[in-house]
There are 2 protein chains.
Amino acid sequence: MATADPTRPGFQLPLLLLAGFRTLIDDLHTELAREGHPELRPLHGFVLQAVGAGGTTATELGQRLGISKQAAGKTVDRLVAVGYLERVDDPSDARRRLVRVTPRGAEGLRRSAEIFDRLRAQWADTLGPERVTALEDDLRTMASANWFRLDVPGWFGG
Amino acid sequence: MATADPTRPGFQLPLLLLAGFRTLIDDLHTELAREGHPELRPLHGFVLQAVGAGGTTATELGQRLGISKQAAGKTVDRLVAVGYLERVDDPSDARRRLVRVTPRGAEGLRRSAEIFDRLRAQWADTLGPERVTALEDDLRTMASANWFRLDVPGWFGG
DNA sequence: TACGATAGTCAACGTGGTTGACGAAATAGT
DNA sequence: ACTATTTCGTCAACCACGTTGACTATCGTA
């Protein structure tokens, strides 16, 4: 009895959560690549989302994503390199470099949102809409989602 | 309207799944560190589990985890360095190096399983046992969990 | 004006992954 | 028995994503 039974309940839950997430993300990027955005990587959609329509700075982005400003800066570098973000100087503060979503970035984000909606609809077709809603409600209850601010001002369009 | 509304349903689902997973894993490692296993990192439990009681090789481990044999080998290196795995020569095949869980590894695995069980019990307390079961059933249905073989022979205790 | 807080960047490092190449050992085929 | 192929492990180079610490430039304020 050197190892624990992997079918025991406790082990399944995290695995299933991860598998669900991965399935969604894999499907998203398969579809995104087909629709002309092959360079968008798993986390990029969330980063683009976190930058928002109004733009941000690397430091603020790091706070929103719960990572260091240096890590946020490097991620911005990569997104700039593939044309989804751009950096502009802030005329009112020479220390700051505003990060903004480019038109191509906005296009990719729009497609991501559409694909996610379609994937959620597939879940609703298979499980029934009320089970998907229940699943989301339960996860919202358990996942003290503080590590990723879904309600950050600036995430909304316009 | 440069960005999509982050509160739209499709965007919530992957975020919530990830948040649920992260919450579980973070709680696990907080507790594991408290119980004498601070060097166990997020994926190590799954790797230990995948090695199983009978031992494996790096190549086989890579197949079980869905990663390259080289990546599996590096992960084994790290686990060996912290004393959770060991490598022994295979007397029947000089090419192979058997990877085995050490007593300390088995101990960490046992504690992980116990903690996961406790965490799942907390979920059941908050949501009700039937909702946790439903959540697992639904995820099993949607997450075509092929990327991670939960039913690999050898995962069960000796 | 001098000082403390803030923004961004650089460097070094850790972890988890990839591919390609390669030697050594096992195995299959003639 | 010998050659040809497959398999196992490893090395090297590289990438994505994260960390800390240190440092400069700039801003805001006492």
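What you see is a predicted model; the values in this text were computed from it and never measured. Chain naming here is simple, since letters A, B, ... match the order of the sequence lines and numbering starts at 1 in each.
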Asks: Quick one: which of D:dC17, C:dG16, C:dT18 gets closest to the side chain of A:L43?
Replies: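 My answer, after comparing the listed nucleotides, is D:dC17.
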Asks: Could you check how far NZ of A:K74 sits from P of C:dT9, rounded to whole Å?
Replies: 13 Å
Asks: Out of B:D26, B:T30, B:L32, B:L24, which one pairs with B:L28 under the side chain to side chain contact (heavy atoms under 4.5 Å, CB included) rule?
Replies: B:L32
Asks: Tell me: CD of A:Q70 to C1' of C:dG8, nearest whole Å?
Replies: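 Whole-Å distance recorded here is 9 Å.
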Asks: Please list, chain by chain and in numerical order, all residues satisfying salt bridge (charged side-chain N to carboxylate O under 4.0 Å, His left out) with A:E39, sequence neighbours excluded.
Replies: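 A:E39: salt bridge (charged side-chain N to carboxylate O under 4.0 Å, His left out) contacts with A:R104.
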Asks: Under 4.0 Å between a side-chain N/O of B:T57 and OP1 or OP2 of D:dC8, yes or no?
Replies: no
Asks: Take atom CG of A:L65 and atom C1' of D:dT19, then tell me their distance rounded to the nearest Å.
Replies: 15 Å
Asks: Taking only side-chain N and O atoms of B:H44, does any of them lie within less than 4.0 angstrom of OP1 or OP2 on C:dG16?
Replies: yes
Asks: Is any side-chain nitrogen or oxygen of A:R96 closer than 4.0 Å to OP1 or OP2 of D:dT26?
Replies: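 Result: no.
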Asks: Take atom CZ of B:R87 and atom P of D:dG9, then tell me their distance rounded to the nearest Å.
Replies: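 Checked: the CZ to P distance equals 8 Å.
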Asks: Any chance the side chains of B:R140 and A:Q12 put a donor and an acceptor closer than 3.5 Å?
Replies: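 Side chains of B:R140 and A:Q12: pair found under 3.5 Å.
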Asks: Any non-hydrogen side-chain atom of B:T56 less than 4.5 Å from a side-chain atom of B:L98?
Replies: no
Asks: Could you state the CD1-P distance from B:I25 to C:dG16, rounded to the nearest angstrom?
Replies: 12 Å
Asks: Please pick, from D:dT19, C:dA7, C:dA24, the nucleotide with the shortest atom-to-atom distance to any side-chain atom of B:R95.
Replies: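 For the B:R95 side chain, the nearest candidate turns out to be C:dA24.
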Asks: Taking OP1 and OP2 of D:dT19, is either one under 4.0 Å from a side-chain nitrogen or oxygen of A:S68?
Replies: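 So the side chain of A:S68 is within the cut-off, an N or O lying under 4.0 Å from OP1 or OP2 of D:dT19.
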Asks: More 5' along DNA chain D: A:R41 or B:R97, using each one's nearest nucleotide?
Replies: B:R97
Asks: Tell me the interatomic distance from A:L40, atom CG, to D:dC17, atom P, rounded to whole angstroms.
Replies: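 Distance, rounded to whole Å: 11 Å.
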Asks: I'd like to know if B:E31 pairs up with B:R34 as an ion pair, taking the criterion as any Lys NZ or Arg NE/NH1/NH2 lying under 4.0 Å from an Asp or Glu carboxylate oxygen.
Replies: yes
Asks: Specify the residue among A:A94 and A:T75 whose closest nucleotide of DNA chain D lies further upstream toward the 5′ end.
Replies: A:T75
Asks: For a quick test of reading the model: is some side-chain N or O of B:T59 closer than 4.0 Å to OP1 or OP2 of D:dG9?
Replies: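 Looking at the OP1 and OP2 atoms of D:dG9, one of them is under 4.0 Å from a side-chain N or O of B:T59.
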Asks: Atom CZ of A:F46 and atom P of D:dC17: how far apart are they, to the nearest Å?
Replies: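 Computing the A:F46:CZ to D:dC17:P distance gives 13 Å.
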Asks: Rounded off to whole Å, could you give me the CZ-to-P distance for the A:R78 and D:dC15 pair?
Replies: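 Value for this atom pair: 11 Å.
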